[in-house]
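These notes are about the structure you will find just below.
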Amino acid sequence: MDLVLNEEQKLLRQAAKDFAHARSPLARARKLRGAGEGYSRDVWKEMAELGWLGLTIDERHGGTGLGHRYLMVVLEELGAKLAPEPIVSTALLGATAIELGGSAELQREHLPAIVKGERIIALAHHERHSRFSLAAIDTTAEASTGTTWTLNGEKLHVADGSIADHFLVSARVVDGVALFLVPASAKGVTVSREERVDGRSAASVRLDRVMVRQEMRLGAGGRGLRLLERVIDAGTAGLAAEMLGSMSAAFAMTLDYLATRVQFGVPIGSFQALQHRAARLYVETELARSAVMHASAMLDGLEGGAPVARAVSVAKAKCSDAFMAIAHEAVQMHGGIGMTDEHDIGLFLKRARVCEMTFGDAAYHRDRFARLSGF
Amino acid sequence: MDLVLNEEQKLLRQAAKDFAHARSPLARARKLRGAGEGYSRDVWKEMAELGWLGLTIDERHGGTGLGHRYLMVVLEELGAKLAPEPIVSTALLGATAIELGGSAELQREHLPAIVKGERIIALAHHERHSRFSLAAIDTTAEASTGTTWTLNGEKLHVADGSIADHFLVSARVVDGVALFLVPASAKGVTVSREERVDGRSAASVRLDRVMVRQEMRLGAGGRGLRLLERVIDAGTAGLAAEMLGSMSAAFAMTLDYLATRVQFGVPIGSFQALQHRAARLYVETELARSAVMHASAMLDGLEGGAPVARAVSVAKAKCSDAFMAIAHEAVQMHGGIGMTDEHDIGLFLKRARVCEMTFGDAAYHRDRFARLSGF
Amino acid sequence: MQGGGSGLEKFREETRAWLLANAPPSMRTPLAPGEEACWGGKKEKRSPDVQRWLDVNVERGFTAPTWPRTYGGGGLSKAEAKVLAEEMSALGLRPPLIGFGLSMIGPLLLQEGAEALRSEHLPPIVRGEIRWCQGYSEPGAGSDLASLQTKAVRDGDVYVLDGSKIWTSYAEKADWMFILVRTDPAAKKQHGITFLLMDMTTPGVTVRPIRLISGASPFCETFLTGVRVPVTNVVGQENQGWALARALLAHERTMIGDVFKERDDTDKLVAAARDHLGDDGGRIADPLVRDRIAALEIDQACLDLTMQRAKDGARAGQKPGHESSIFKLAGTELNQRRRDLHCAILGPQALGWESEPSAAGTAGYGPEELKATRDWLRSRGNTIEGGTSEIQLDIIAKRVLGLPDARGARKDGA
Amino acid sequence: MQGGGSGLEKFREETRAWLLANAPPSMRTPLAPGEEACWGGKKEKRSPDVQRWLDVNVERGFTAPTWPRTYGGGGLSKAEAKVLAEEMSALGLRPPLIGFGLSMIGPLLLQEGAEALRSEHLPPIVRGEIRWCQGYSEPGAGSDLASLQTKAVRDGDVYVLDGSKIWTSYAEKADWMFILVRTDPAAKKQHGITFLLMDMTTPGVTVRPIRLISGASPFCETFLTGVRVPVTNVVGQENQGWALARALLAHERTMIGDVFKERDDTDKLVAAARDHLGDDGGRIADPLVRDRIAALEIDQACLDLTMQRAKDGARAGQKPGHESSIFKLAGTELNQRRRDLHCAILGPQALGWESEPSAAGTAGYGPEELKATRDWLRSRGNTIEGGTSEIQLDIIAKRVLGLPDARGARKDGA
């Protein structure tokens with residue numbers, strides 16, 4: 001596998017960059033904070049028209065199947081502008097779950113809709129005190145008759161949960177953990193919107209005797225946890241690409257500031273102490289970039305299993321630490337103005353915290369990496 | 001308690017500084033590396049004559065009983081010159097054990113001899129795989145008759161073990177762990193000298209059916225482990241004072257180099273990146289100094305128990321990290337010359353590692369601190 | 001209490017008796033969340049108890065215990081003031097009045113102010129009638145404070161001020177500002193600065209609050225357009241204000257270093273860790289977090305002891321050096337570590353911005369969790385405000401360690 | 001292998017057959033501890049197998065596969081050379097010859113040397129007859145290499161050299177040195193430097209080995225007193241040597257970044273951790289150490305991938321930037337972390353300097369433990385030699401990030 005963009009990917013990057021610049025400047029992320037749906041239906045539609053939502057979806061289902069390396073390029077550019085559209089939730093988590101675990105009928109029903117931007121899916125796996133564990137859940141699903149499941153429980157901090165039309169719900173069943181695709185409109189589903197520190201919305205999702213059809217269960221019996229892990233690995237790699245874009249943008253913004261802000265008669269970027277710190281941050285972005293490219297390439301590969309999971313954990317551990325370090329230093333180097341709500345750099349700091357805690361923080365992924373490496 | 005030196009302590013500091021300068025320059029530490037006994041009998045005698053070995057020993061036994069705060073001042077100045085004399089082993093570990101745990105007869109026999117510089121004691125508590133645990137030992141002591149104990153086992157890395165005339169040996173007995181004072185000349189004791197990275201000597205001590213009298217057991221039954229912990233706390237605080245002196249000297253030497261070494265036409269100490277790093281190292285020395293002063297003051301206090309142990313762990317954790325960080329940075333700032341054996345700065349780096357690992361590293365003391373703090 | 005005791009013991013007994021007799025019981029409780037101490041000033045709304053407690057203290061001179069009686073102070077000796085503080089602390093009493101008047105501009109006027117300025121300003125400070133704010137920083141003059149550009153042009157008996165100040169805490173609530181202005185644009189930058197007292201109600205003064213990344217804040221921007229300030233309001237001499245400002249800044253740094261840690265911070269972290277990571281036989285179940293908390297608390301202990309050492313040293317007659325820079329640097333960074341660690345412990349619960357508990361009461365974020373997140377964001381400013389960490393490092397390198405000036409660094413004071 | 005294959009496939013088959021036929025079996029084993037690769041030179045003692053392996057390769061031009069045949073090289077294309085390397089690696093073969101002649105001065109002469117110098121020096125390099133060392137640093141010229149003071153004064157057809165060089169690796173074993181000397185003391189410092197080739201047997205050259213904090217080392221000091229070097233030994237032009245030296249330095253940095261990690265380093269750390277800290281259900285029992293190992297290996301993976309990315313990029317036609325500085329910086333610091341962590345794991349067993357096992361065989365320090373301690377000490381030099389980390393950070397800040405020059409920093413190349 002080559003860790004270099006091919007010509008097509010370079011063109012895609014430029015297209016994504018241009019799109020983000022024109023249609024999703026930082027001012028948009030700022031405006032959408034805590035407001036209304038928290039994303040733009042128009043922008044979402046345009047993303048679908050550009051084919052981005054189908055990059056990892058097979059051609060049979062209307063996608064292009066170009067793979068994660070292509071989608072990562074897009075996510076990076078969108079991350080640079082903190083675009084809040086639910087690509088990771090829908091086109092990675094949702095689509096991967098349905099593609100790997102759904103029946104042919106379910107795939108036909110949902111995958112083309114995802115590609116066309118007509119579906120928004122949110123992963124509802126987290127519960128109070130489950131922290132980063134995928135198995136520590138109390139939500140239950142019971143096979144009430146031969147053809148339906150009944151779900152009970154409460155899912156917290158469901159990213160994009162307030163705008164989703166379907167939830168991917170993990171629940172405890174007799175033989176372990178299973179995944180279900182639950183329509184937001186199902187009877188017994190209550191969605192409560194919450195506002196996060198990065199201005200995006202999430203939701204808690206209460207399931208009171210929610211009945212879903214038999215085939216809404218994804219994956220074969222007893223393998224739900226493994227499916228969930230693979231789904232989240234895909235989402236995590238996508239999130240890492242977003243983080244890479246965000247940290248690179250925060251760094252670039254800081255570099256600009258260092259070059260232009262004058263104190264003591266010189267640009268502050270001429271102070272060697274700041275130069276060395278900036279140089280170290282730059283090295284971190286370069287290391288993170290390699291890890292992100294590798295993770296997406298591994299997802300595209302045939303290998304599967306532990307090596308892919310390891311590559312994803314490397315990327316997430318590195319991006320979590322690097323993004324947080326860069327965001328902290330970016331605010332420090334901006335000085336007082338960086339602390340004001342009206343300056344954009346603070347948006348990155350807040351986003352860094354949310355990204356860090358999504359799908360496991362760096363300590364979680366280091367532990368996972370160690371486990372997967374046999375120590 | 002006041003964290004400030006009184007007039008007497010200031011005079012003592014000056015005396016110790018003058019002595020170290022005249023009688024124990026760094027060249028001496030260099031010369032003694034790996035050679036012969038590894039310390040100077042003459043210098044040891046002079047230290048005794050100056051009253052330093054009796055600073056923490058009661059007047060009844062020929063000491064002055066001035067306390068740990070006084071001895072710390074001396075140890076700091078000796079640490080600055082890496083003086084290898086066994087004060088911590090003898091006047092802190094040995095004397096504390098005998099004073100707290102020995103019979104009146106034993107005290108009369110050994111404490112005045114310690115004060116006069118006629119006794120060298122080494123703590124033999126460590127065994128293969130005991131790491132920093134005081135209880136994880138295999139050496140046994142059996143009450144073979146009513147009046148003697150028989151010891152069997154092997155103690156490793158006994159600091160000052162090759163020059164000691166008595167060993168303080170921890171051994172497993174029926175009711176837990178007990179401490180014994182064992183003459184080096186006892187039948188069945190085999191001492192094998194080893195050379196450490198800091199150039200000082202240690203030894204492994206093999207005990208083959210070594211018989212000692214009943215009263216050579218220190219401390220009442222079942223309380224040996226607690227006694228050992230108190231003894232080691234006293235020794236640790238003393239070592240921390242030495243470390244403080246050593247790190248301060250290494251820092252001062254580096255500061256000198258920064259001010260005088262010219263590259264690119266200016267002293268390298270004018271480069272802001274190095275200035276900021278030096279400033280941070282300086283802050284570390286100041287924080288470490290406070291912790292060391294506090295630990296010794298606590299040892300002099302009446303309180304005892306967990307607060308003293310906590311204060312000692314604070315000092316050792318801080319000094320371990322600070323000394324190692326300073327030594328690493330000192331070599332880096334010296335550049336190539338700092339890597340040569342002929343420059344003195346490397347002596348401090350090697351010493352930092354030995355000090356770090358003696359009586360528990362920083363991680364051990366952080367864990368102990370947490371335990372003593374109830375978390 | 002051996003016998004009748006010295007004069008100091010007598011003072012202690014009298015003071016205690018007076019405090020017991022005069023303090024409203026509600027003044028012996030800690031501030032409730034959201035409740036503010038009594039800062040004084042015309043815009044403050046005080047509860048009857050706060051007002052009464054202020055009044056009785058003012059009457060006895062206890063709002064400014066060591067200031068001369070002439071100006072409404074208590075005229076106490078340092079030893080007596082220490083006794084007063086000890087007794088108030090022993091009874092858990094709130095200070096009757098706090099603020100920049102008592103802690104900053106008042107002491108400066110006592111040292112450097114003309115008699116007319118003292119008589120005019122000290123009594124209202126003591127009585128809590130006037131609240132002060134500090135007008136130092138400007139948008140273009142942060143770390144390089146001396147490059148400030150707000151100009152004051154002499155016009156007869158007044159200066160005419162034009163420019164803007166930023167980071168003026170509580171400017172919205174203040175009655176007066178002590179402000180640095182440029183009176184000689186031709187002089188080297190430190191030499192053309194004057195220290196003025198400015199009435200905030202003067203025409204041409206407008207104030208705009210600043211919203212921080214952590215939410216609302218006491219900081220403001222203050223815009224000055226043709227503001228006329230009498231020349232008699234100069235403290236010290238015209239163009240000599242820089243030295244006064246620097247003295248106040250060092251004073252401020254020490255206060256900042258001291259201010260961060262709340263008494264129960266350790267307990268809060270430990271409790272959060274037990275709650276979110278589990279308890280394993282009485283210990284926090286996650287050894288990594290346990291280690292981070294211990295490392296933090298050890299460093300905090302070292303800093304606390306270092307501050308105590310400076311105090312003990314000062315009492316023993318040692319001259320203070322630049323310890324304030326160490327305290328500022330280490331104290332602010334420790335606070336950042338603490339807030340960051342708190343978020344790390346909370347994990348997914350550290351992501352809330354606003355929240356109402358769900359119907360079942362288990363979803364969303366609790367008030368302590370929301371506070372932890374905002375405290376983390378707010379703490380990022382600690383290493384910027386009151387002199388950045390970079391400036392403190394410069395000070396330590398140059399003034400304490402005596403390292404040579406970088407040719408690239410500012411040549412002039414920090 | 002689809003059918004007969006291309007010319008390259010044919011070359012591969014021929015090469016493999018030749019290697020299988022000619023390589024002594026002992027050359028297919030890794031170097032034993034203490035055993036050195038074949039560096040060439042007059043002072044080297046070679047085993048018969050090493051000599052035979054060298055001879056057959058020399059005959060085929062495989063010691064310098066891509067060099068022109070005129071000078072004894074193999075005349076292979078890059079693609080063929082890659083095939084050769086792959087086949088050698090597949091068979092686990094040792095390189096027949098390594099050293100600064102092949103990797104540094106040879107390529108430089110091919111690019112910049114006069115024909116006379118090429119004909120004189122390249123063939124003996126290819127044949128392993130001459131070993132080279134590098135004479136750059138001086139006691140007073142470390143990071144500021146261009147300030148070097150060793151002077152070369154023209155005297156007819158020779159330069160007379162006086163001065164001293166430090167950190168000349170293997171100067172004791174080398175036959176020739178490529179050396180930087182000052183030929184114009186009046187010029188700006190980079191502009192008076194000349195790149196010379198010097199025979200180490202010339203009268204006036206003396207060499208003294210340097211002992212490091214980690215023990216014996218290949219480094220030497222080289223003293224030059226009235227050493228006469230023919231002017232024909234100039235590479236490039238007089239006073240134009242600086243650019244050549246810098247090109248070689250960048251090349252060296254890349255090699256350094258790549259060189260640290262040994263294949264089994266992770267396994268070693270993990271095994272040491274299990275041994276010294278215990279195993280808990282298949283996992284290292286101490287979660288703190290587990291976390292530190294994982295963090296290290298994650299960073300190592302990121303660096304390895306970044307180096308791969310640079311290679312992939314170069315293959316795809318991307319121009320190299322200053323990646324070598326990143327590799328040097330990150331690679332050396334990772335190695336230090338690794339060595340430090342190894343000592344942390346060993347704990348009290350990391351304190352040995354020399355040791356013989358005790359009678360019972362359990363006391364003292366094992367050879368791996370003694371090595372870990374010395375490796376840690378030696379690793380401290382990694383961030384100094386070949387351009388300090390500070391210099392790499394300067395390069396990244398200036399050349400990659402384009403940050404403005406600090407007035408205090410050197411104005412001239414790094």
Side-chain angles (χ1 to χ4, degrees), chain B residues 1-7 251-252 254-255 258-260 264-284 286-295 297 310-311 313-319 321-322 362-363 365-375, chain C residues 266-267 269-271 273-274 279 282-284 287 289-318 321 323 325-327 329-330 333 389-390 392-409:
Chain B
M1 115 200 25
D2 272 6
L3 292 181
V4 63
L5 298 189
N6 64 27
E7 287 310 312
F251 180 68
T254 305
L255 213 51
L258 290 177
T260 50
F264 306 108
V266 294
I268 60 173
S270 67
F271 290 116
Q272 197 199 26
L274 293 184
Q275 291 185 343
H276 281 197
R277 281 156 56 186
R280 287 192 180 277
L281 297 179
Y282 171 73
V283 171
E284 290 302 301
E286 286 294 300
L287 297 179
R289 175 172 302 281
S290 310
V292 166
M293 290 176 82
H294 184 242
R310 253 168 61 113
S313 278
V314 166
K316 183 58 167 61
K318 190 70 196 172
C319 286
D321 282 347
H365 281 284
R366 284 195 295 269
D367 184 63
R368 185 171 183 250
F369 173 89
R371 195 159 31 76
L372 293 166
S373 306
F375 62 91
Chain C
T266 310
D267 299 340
L269 273 190
V270 170
R274 284 194 212 283
D279 183 291
R283 309 202 68 187
I284 295 164
V289 166
R290 205 163 66 210
D291 182 71
R292 280 179 74 184
I293 298 179
L296 175 71
E297 295 306 335
I298 284 171
D299 282 342
Q300 183 76 57
C302 288
L303 177 61
D304 292 348
L305 290 165
T306 306
M307 292 200 274
Q308 187 196 327
R309 189 154 66 85
K311 280 180 203 154
D312 292 348
R315 238 193 344 262
Q318 287 170 14
E323 293 90 352
S325 284
I326 294 182
F327 304 153
L329 178 76
E333 292 186 349
S389 289
E390 289 77 9
Q392 308 313 320
L393 290 166
D394 279 348
I395 292 174
I396 295 169
K398 308 272 167 54
R399 309 238 179 99
V400 183
L401 306 182
L403 285 169
D405 239 0
R407 271 195 272 151

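So that the names make sense, note that chain A is the first sequence line, chain B the second, and so on, each numbered from 1. All values below were derived from every heavy atom in this structure, side-chain atoms included, with hydrogens, water molecules and symmetry-related copies excluded.
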Answer yes when Glu286(B) and Arg309(C) have at least one side-chain N-carboxylate O distance shorter than 4.0 Å, and no when they do not.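 Judged by the 4.0 Å cut-off on N to carboxylate O distance, Glu286(B) and Arg309(C) do form a salt bridge.
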Pairing of Asp299(C) and Lys318(B) as salt bridge, 4.0 angstrom limit:
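A salt bridge is present here (some side-chain N lies under 4.0 Å from a carboxylate O).
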Tell me if a side-chain donor or acceptor on [X] pairs with a main-chain N or O of [Y] at a distance below 3.5 Å.
X         : Y         : answer
Arg274(C) : Gly282(C) : yes
Arg290(C) : Ile284(C) : yes
Asp312(C) : Leu3(B)   : yes

ask   = Most heavy-atom pairs under 4.5 angstrom with chain B, which of Cys302(C), Gly402(C), Ala301(C)?
value =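 Sorted descending by pairs with chain B, the first entry is Cys302(C).
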Of the backbone (N, CA, C, O) and the side chain (C-beta and beyond), which part of [X] lies under 4.5 Å from a heavy atom of chain C, both, or neither?
X         : result
Ala317(B) : side chain
Phe369(B) : side chain
His276(B) : both

So what's closer than 4.5 Å to chain B heavy atoms on Ala316(C): side chain, backbone, both or neither?
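For Ala316(C), the side chain is the part near chain B, not the backbone.
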Report which part of Gln318(C) has an atom under 4.5 Å of a heavy atom belonging to chain B: side chain, backbone, both, or neither.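 Just its side chain gets close to chain B.
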Taking every non-hydrogen pair under 4.5 Å, which of Met293(B), Arg371(B), Arg277(B) racks up the most with chain C?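 Of Met293(B), Arg371(B), Arg277(B), Arg371(B) has the most heavy-atom pairs under 4.5 Å with chain C.
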For this session: Write down the atom of Ala397(C), the atom of Gln275(B), and the distance for their closest heavy-atom approach.
Result: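 That closest heavy-atom pairing would be CB-CB, 3.7 Å.
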